[in-house]
Amino acid sequence: MLKADGTKFTPNVTVAKDGSGKFTMISAALDAMPEKYSGRYVIYVKEGVYDESVMVTKKMVNVTMYGDGSQKSIITGSKNYVDGTPTF
């Protein structure tokens with residue numbers, strides 16, 4: 001999507017593991033999203049491995065997250081079916 005048109009998104013918040021952004025966790029950036037936000041809310045995730053479970057709810061409308069690439073901005077969590085998390 002970002003490569004499709006030449007325009008770049010201006011992020012509302014930046015998430016960085018090294019502390020150079022406003023947040024160090026993606027979940028914290030989503031929690032800080034205003035409840036009544038008009039327009040697209042853009043979150044830029046800098047390079048790093050983010051070991052957290054990210055939940056985007058139905059109330060979080062028009063959220064776009066992008067990072068530095070699939071091999072650089074990695075989100076991982078430890079939930080799985082064996083531990084009781086459904087996969088549907």
Side-chain angles (χ1 to χ4, degrees):
M1 183 173 126
L2 293 174
K3 289 183 180 180
D5 65 359
T7 61
K8 293 267 185 181
F9 292 115
T10 302
N12 296 87
V13 293
T14 301
V15 179
K17 272 301 230 198
D18 61 6
S20 63
K22 186 171 183 179
F23 299 99
T24 57
M25 295 181 65
I26 299 166
S27 298
L30 286 169
D31 291 340
M33 181 179 170
E35 194 171 311
K36 300 280 185 180
Y37 187 80
S38 62
R40 184 174 304 276
Y41 192 77
V42 180
I43 300 172
Y44 170 50
V45 182
K46 284 189 170 183
E47 181 177 352
V49 178
Y50 299 86
D51 187 16
E52 60 180 300
S53 296
V54 178
M55 296 291 293
V56 180
T57 65
K58 291 180 182 180
K59 294 180 181 180
M60 298 175 184
V61 182
N62 266 342
V63 175
T64 299
M65 283 188 268
Y66 72 98
D68 290 327
S70 63
Q71 300 299 311
K72 293 182 179 180
S73 298
I74 301 168
I75 303 169
T76 182
S78 59
K79 291 187 177 182
N80 60 62
Y81 183 78
V82 175
D83 293 334
T85 302
T87 57
F88 63 89

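Throughout, residue positions are numbered sequentially from 1 according to the sequence presented. Computation of the quantities below employed the complete heavy-atom set of this structure, encompassing side-chain atoms and omitting hydrogens, waters and symmetry-equivalent molecules.
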Report summary line: Sorted by chain and residue number, the ring pair (Phe, Tyr, Trp, His ring centres under 6.0 Å) partners of Tyr44 (sequence neighbours excluded) come out as Tyr66
Requested in this report: Could you tell me which residues satisfy ring pair (Phe, Tyr, Trp, His ring centres under 6.0 Å) with Phe23, sequence neighbours excluded, listed by chain and number?
Outcome: none
Query raised in the report: Rounded to the nearest 0.5 Å, what separation is found between the CG atom of Asp51 and the CD1 atom of Ile75?
Result: 11.0 Å
**Report entry** Passing candidate, side-chain contact (heavy atoms from CB on, under 4.5 Å) with Val63, options Leu30, Asn12, Thr57
**Finding:** Leu30
Query raised in the report: Do any pairs count as a side-chain hydrogen bond (donor to acceptor under 3.5 Å, both in side chains) and have a residue in residues 15-36, sequence neighbours left out, and if so which ones?
Result: Asp18-Ser20, Ser20-Lys46, Ser27-Glu52
Query - Point-to-point distance, once rounded to the nearest 0.5 Å, from OG1 of Thr76 to OH of Tyr50 - result: 13.5 Å
Query raised in the report: How would you list, by chain and number, every residue that makes a side-chain contact (heavy atoms from CB on, under 4.5 Å) with Ser78, sequence neighbours excluded?
Result: none
Query - Non-hydrogen atoms of Gly77 and Ser53 that approach each other most closely - result: CA-OG, 4.3 Å
**Report entry** Exam field: side chain Ser73 to backbone Val45, donor-acceptor pair closer than 3.5 Å
**Finding:** yes
Query raised in the report: For Lys79 and Thr85, which heavy atoms make the closest approach, and how far apart are they?
Result: CB-OG1, 3.6 Å
Query raised in the report: Do Val56 and Ile43 sit in the same hydrophobic cluster, where Ile, Leu, Val, Met, Phe, Trp and Tyr count as joined when their side-chain heavy atoms come under 4.5 Å apart?
Result: yes
Query raised in the report: Rounded to the nearest 0.5 Å, how far apart are CD1 of Ile26 and CE of Met65?
Result: 6.5 Å
Query raised in the report: Are Tyr37 and Met60 connected in the hydrophobic side-chain network, where two residues link if heavy atoms are under 4.5 Å apart?
Result: yes
Report summary line: Besides Val82, the hydrophobic cluster formed by Ile, Leu, Val, Met, Phe, Trp and Tyr side chains linked at under 4.5 Å, directly or via other members, contains none
Query - side-chain contact (heavy atoms from CB on, under 4.5 Å) partners of Ser70, counting only residues at least two apart - result: none
Query raised in the report: Under 4.5 Å between side-chain heavy atoms, hopping through other hydrophobics if needed: is there a path connecting Val54 to Ile74?
Result: no
